[in-house]
Amino acid sequence: MAEHRYDPQEIEPRWQQVWADERTWEVANPLPGVSPERAEPKSYVLEMLPYPSGEPHIGHLKVYSVGDAVAHFHRRSGRRVLHPMGYDAFGLPAENHAIKTGQHPRDSTEAAIAEFQRQFRTWGISIDWSREFATCDPSYYRWTQWIFNELYRHGLAYRKEAVVKWCPNDQTVLANEQVIDGHCERCGFEVEARQLEQWMFRITDYADRLLDDLDAIDWPEHVKTMQRNWIGRSEGAEVTFRCEELGIDYPVFTTRPDTLFGATFFVMAPEHPDVERLAAGTGNEEAVREYVNHALTESSEQRGATDKTKTGVFLGRHVVNPVNGEPIPMYVADYVLMEYGTGAIMAVPAHDERDHAFATTFGLSIRRVIEGVNPDGDADGLPYTGDGPLVNSAPEFDGMPNREALQAIVAWLDREGKGHASVSYRLRDWLLSRQRYWGCPIPVVHCGACGIVPVPDDELPVLLPDISDYAPKGRSPLAAAEDWVSTTCPGCGGPARRETDTMDTFVDSSWYFLRYCDARNEQAAWDPAVLREWMPVDQYIGGVEHAILHLMYARFFCKALCDLGHLDAQEPFARLFTQGMITKDGAKMSKSRGNVVSPREIVERYGADTARAYILFIGPPDQDADWSDEGLEGVHRFLSRLWRLSAEAAERRAGVLPAPAEGVDLDLLRKAHWAIEKVTNDLAGRFAFNTAIAAVMELTNEISRLREQTSPEAQRFALETANSLLFPFAPHAAADGYHLLTGRRVWEEAWPQADPALLERDTYELVCQVNGRVRDRVQVPADADRAALEAAALAAPNVVAHVDGHDVVKVVVVPGRLVNVVVR
RNA sequence: GCGGGCGUGGUGGAACUGGCAGACACGCCGGCCUUAGGAGCCGGUGCCGCAAGGCUUGGGGGUUCGAGUCCCUCCGCCCGCACCA
């Protein structure tokens, strides 16, 4: 017999060529007039688009292997699948590379895209290439600019001077979300605070909807929790404290208006604009100025340390507590943050740990207003943050449970005009402007006469000009492109200057999934009717690192675009799956560690199927997993074996399988149907690729083990089934094996159906326990009743032996599983 | 500190609603075939024990005929947030 050797280097390009030539994975948009009911159900399967830099890494191979398995399974389950690809192509790495080498970011980005495309093809990912784009294509960012204009026209994009986070290394401002522990998310440099005028998106308008709609989407709970925490909604009250000396009202936000009578001092953030004015003329001016200067120069890390002892300075002024008319001293202290609430707080040391620490340090009075004891507190059991009845407040509130009192006090404040119920959020507006070159230009001009004027939609795109000096100088490098900056005002025709900031790249990636639906539309960003067909994304797949940034911004965009009438999908991603990282030797792969596994090398050596199937077999895809070359070889052996068995069987003459199969043939058919059932369940409800592949391995082992005893017909059926089930994970080998056996194309075949009759057996092995320990097993008919099962178990020899000499107290019968005899 | 997740053989991991713990794979051991093998095939492999049998899912306790799974408690690891009033 001819030697059959599994040769992925021959098999894989051959099938890739077929898919490319026939454009197998392209899917048309529903034609106008075709009713959606007539069409097959749609499925939009999407993996987060890659940032093209260098070449793809192992994480890319994982995310696209997962997504492709889902896409294939959906297609063969009778759905029209949209599975597109694009590139998040604007961004800092390409620009930093340009600064170093002088190579235009467009050139390095195009080179990286070419390499990504080439490798994606060698991986055999089933992508609809007709919809491909890069976010740096003018035909794409034209519409990014259009969306900006739409948001600007509706007041959702605005310019504002504010204290912002500035990265001194990248020389640009950052969004709050891009600052991790006071450091730049990109480069790790410590960020500084700067007062600058910047462009913002009004995401805070959507805080409640972003929060509430989390309940309606099928996302991992931890991602939803992270978003909830990030939005940080707190309910409470705004209460006004008046500084009589200066005649100024200071509102504060509190979640605990029930403790208002316990407010014994008042604290302002060092950044509060009134601090200097308040201290003026009190004799505390010098101390206050010194304290504020120190606080402002301190890093957010130093300042944020929770265990740090409280510091602050008396402002020399007082405010009046609106509930009891008491004057209380005002302090400036760095534990109060300007960016949350109103930048000032009422301090209730008896019922707040931070205020208690401050009061203790400064010897301020502490007044208990709620009964209760903190076992870890001071001699009085304070600070106590739990519930209890009010004391030392006002006669009408004393004795009232604090939660009830909270409502009553807010109602009283409201009546008196001294406060009202209020909600506060941690979420800030999205700062989108960047003082960098390689990004989407913000399409506005600044006109001396008209102010800020958006570039009219029909003049878009505002093209990013070519420049020679990319180095950041604290303002956008675009500012140096004088020919470009200098323009005329679309409003009055007078001289005007272009906005030189570019957009955060997260703007580009907040709507790319909409553009895929109608990627070649030159008249509009999309046709709303087409979006109604495809949106929302049915299954989105990507890394957890985007749990807040990208996933929140994209949700905001969809809601805003819905409000503007361009979209119906309030939520972009109906289901989300976050895949875990692949490590090597227990550590994140990195060039500096020298533990990088290159997908290109693995694919060249073992083939894409081995690499893909191994990554899915290694463990549950949402967990981190450690790469092992030995494990990879194991999967390679399995693919070789299945392919070889298929090739050998294909050479053997086989007739039609006789209708009721018997004996060993029946055993093999049962195993095949068991595998169909197992793989289908593992793919349908969950992402259990590892156990699905294990089931195909079991089937393959069974085919191999029974090779000498089964008919060629039964073997063919089992092998066809194995290849068919393997296809979503190792498409080339499975397509080839299936084609050898049948002459047909496996991707054109419906997903196999398990025959219920072959899943059932007429007998099964009944486990016989005595006192919960397995003592014997007996074969029983599948339809045996409880009495028969009990009798069978009690008659089992090893049960008899263990029951002998004891009293049978009870017999538990679980049909289909076991009998447990309880003896004493 | 708050929120979330996790802890199973030598290793990665299985075990869907409480019902045979360790599927599948790696590694290891033995054998066959081969001029040769980093190819292929067959068998073995949780721990203790010659065996009968006993023990075993981070530790301790509980519920149950029965617990990896449920409850309490302690320990360890990972992730997110962190002076958010």
Side-chain angles (χ1 to χ4, degrees), chain A residues 3 5 180-181 220-230 232-234 236 239 252-257 259 263 267 269 303-308 310 333-337 339-348 351-355 357-358 424-427 544-545 547-548 580 614 617-620 622-635 637-638 640-641 644 678 681-682 685-686 688 690-701 704-705 707 765-777 809-814 816-823:
Chain A
E3 183 80 352
R5 197 175 68 86
I180 314 285
D181 291 334
E221 208 44 55
H222 68 278
V223 176
K224 290 191 187 185
T225 304
M226 281 163 77
Q227 292 216 349
R228 286 192 188 104
N229 291 344
W230 188 261
R233 183 187 152 102
S234 301
V239 185
V252 300
F253 174 76
T254 175
T255 52
R256 296 294 306 273
T259 63
V267 191
R303 186 171 159 181
T306 15
D307 47 356
K308 173 178 116 164
K310 295 277 178 285
D334 66 0
Y335 79 93
V336 174
L337 309 174
E339 56 267 26
Y340 186 77
T342 62
I345 62 155
M346 66 171 203
V348 184
H351 305 289
D352 181 280
E353 285 174 26
R354 297 151 299 177
D355 298 344
F358 190 88
S424 195
Y425 301 89
R426 208 188 91 114
L427 183 70
V544 219
E545 64 272 19
I548 296 173
Y614 170 63
F617 181 66
I618 193 168
D622 54 336
Q623 282 171 34
D624 291 351
D626 204 59
W627 180 273
S628 135
D629 290 334
E630 291 78 15
L632 180 79
E633 303 227 19
V635 170
R637 277 199 286 275
F638 155 66
S640 304
R641 199 146 77 113
R644 191 162 14 85
K678 172 79 180 144
N681 286 338
D682 285 350
R686 41 209 203 125
N690 54 335
T691 52
I693 292 169
V696 183
M697 286 176 171
E698 277 196 61
L699 173 57
T700 305
N701 291 345
S704 174
R705 194 172 66 83
R707 205 170 13 176
E765 191 175 70
L766 180 75
V767 171
C768 307
Q769 298 181 329
V770 177
N771 285 349
R773 285 161 201 255
V774 180
R775 294 302 182 188
D776 216 331
R777 297 150 208 269
V809 180
K810 182 176 180 179
V811 179
V812 180
V813 181
V814 184
R817 294 197 187 269
L818 55 74
V819 170
N820 186 16
V821 181
V822 185
V823 301

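These numbers come from the heavy atoms of this one structure, side chains and all, not from hydrogens, waters or symmetry mates. To find a chain, count down the sequence lines: A is the first, B the second, and so on, and within it residues start at 1. As the structure is a prediction and not an experimental result, all values here were calculated from the model.
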- Taking the chi torsion of G5(B), is it syn (within 90° of 0) or anti (everything else)? anti
- Message: In this structure, how many angstroms lie between the P atom of G19(B) and the NZ atom of Lys810(A), rounded?
- Response: 17 Å
- Query: Expressed as a whole number of Å, how far does the C1' atom of A82(B) sit from that of C71(B)?
  - Reply: 31 Å
- Counting side-chain heavy atoms from C-beta on, which of A85(B), C65(B), C83(B) comes nearest to Val336(A)? A85(B)
- Task: Could you tell me whether the side chain of Gln769(A) reaches within less than 4.5 Å of the side chain of Val812(A), counting heavy atoms only?
- Result: no
- Query: In terms of the angle between their ring planes, are Tyr335(A) and Phe358(A) parallel, tilted or perpendicular, with boundaries placed at 30° and 60°?
  - Reply: tilted
- Separation of the P atoms in A14(B) and A25(B), to the nearest angstrom: 15 Å
- Note on the structure: Hits for salt bridge (charged side-chain N to carboxylate O under 4.0 Å, His left out) against Arg707(A), two or more places apart or cross-chain, chain-then-number order -> none
- Query: How would nucleotides 21-26 of chain B be written as a contact map, 5' to 3', with B for base contact, S for sugar-phosphate-only contact and - for no contact, using protein heavy atoms under 4.0 Å?
  - Reply: --BBSS
- Can you name the residues that form a salt bridge (charged side-chain N to carboxylate O under 4.0 Å, His left out) with Arg705(A), not counting sequence neighbours? Glu702(A)
- Message: Using the side chain to side chain donor-acceptor pair (under 3.5 Å) criterion, which residues pair with Asn820(A)? Sequence neighbours excluded.
- Response: none
- Query: Considering only the P atoms, how many Å lie between C77(B) and C32(B), rounded to the nearest integer?
  - Reply: 50 Å
Look for any protein N or O under 3.5 Å of an N or O in nucleotides 55-57 of chain B and output each such pair with its distance, or none.
residue : atom : partner   : partner atom : Å
C55(B)  : OP2  : Arg773(A) : NH1          : 2.7

- Pairwise P distance for C78(B) and G66(B), with rounding to whole Å: 37 Å
- Checking all strands, does Leu818(A) fall into the base, sugar-phosphate, or nothing category for heavy-atom contacts under 4.0 angstrom? base
- Just checking Val822(A): base, sugar-phosphate only, or nothing, at a heavy-atom cut-off of under 4.0 Å? sugar-phosphate
- Message: Using modelled atom types and a 3.5 Å cut-off, is there a donor and acceptor pairing between side-chain atoms of Asp352(A) and backbone atoms of Ala347(A)?
- Response: no
- Item | With Arg686(A) via side chain to side chain donor-acceptor pair (under 3.5 Å) - residues at least two apart | Asp682(A)
- Query: Is there a side-chain contact between Asn690(A) and Pro620(A), using heavy atoms and a 4.5 Å cut-off?
  - Reply: yes
- Message: Please report the distance, rounded to the nearest Å, between CZ in Arg775(A) and P in A52(B).
- Response: 12 Å
- Item | Per-nucleotide protein contact string for nucleotides 28-34 of chain B, where B marks a base within reach and S marks sugar-phosphate only (heavy atoms under 4.0 Å, - for neither) | -------
- Message: With rounding to the closest Å, how many angstrom separate the C1' atoms on A23(B) and G46(B)?
- Response: 14 Å
- Query: Side chain of Asp334(A): nearest nucleotide among C41(B), G19(B), C83(B)?
  - Reply: C83(B)
- Kindly point out which of G3(B), U17(B), C83(B) is positioned nearest to the side chain of Arg817(A)? U17(B)
- Trp230(A): partners by ring-ring contact (aromatic ring centres under 6.0 Å, His included), with sequence neighbours left out: none
- Task: Would you check if Arg256(A) and Val348(A) make a side-chain contact, meaning some heavy-atom pair closer than 4.5 Å?
- Result: no
- ring-ring contact (aromatic ring centres under 6.0 Å, His included) with Phe638(A): which residues, sequence neighbours excluded? none
- Task: Count the heavy atoms belonging to other residues, nucleotides or ligands that lie under 6.0 Å from CZ of Arg817(A), then report whether that count exceeds 12.
- Result: no
- Neighbour count >12 (heavy atoms, 6.0 Å) for atom CD, Glu698(A): yes
- Query: Counting N and O atoms only, with roles assigned by atom type, does the side chain of Ser704(A) sit under 3.5 Å from a partner on the main chain of Thr700(A), one being a donor and the other an acceptor?
  - Reply: no
- The answer to which of Ile548(A) and Asn771(A) contacts RNA chain B further toward the 5' end, by nearest nucleotide, is Asn771(A)
- Proximal nucleotide (of A82(B), G19(B), G54(B)) relative to the Arg426(A) side chain: A82(B)
- When you measure from the side chain of Arg686(A), which nucleotide among C65(B), A15(B), G13(B) comes out closest? A15(B)
- In which ranges does RNA chain B form stems of 3 or more consecutive Watson-Crick or G-U pairs, distances under 3.5 Å? B:1-7 with B:75-81, B:10-12 with B:24-26, B:27-32 with B:40-45, B:46-48 with B:53-55, B:58-62 with B:70-74
- Looking only at atom P, what distance separates C2(B) and A67(B), rounded to whole Å? 33 Å
- Phosphate oxygens OP1/OP2 of G80(B): is one of them under 4.0 Å from a side-chain N or O of Thr225(A)? no
- Query: If you measure from the C1' atom in G49(B) to the same atom in G60(B), how many Å do you get, rounded?
  - Reply: 28 Å
- Message: By the 4.0 Å heavy-atom rule, please label Asn820(A) as base, sugar-phosphate, or nothing.
- Response: base
- Given that Glu765(A) and Asp624(A) both sit by RNA chain B, which one's nearest nucleotide is further toward the 5' end? Asp624(A)
- Item | Residues which pass salt bridge (charged side-chain N to carboxylate O under 4.0 Å, His left out) with Arg775(A), listed by chain and number, not counting sequence neighbours | none
- What residues, two or more places apart in sequence or in another chain, satisfy ring-ring contact (aromatic ring centres under 6.0 Å, His included) together with Tyr340(A)? none
- When rounded to the nearest Å, what value does the distance between P atoms of A15(B) and G7(B) take? 12 Å
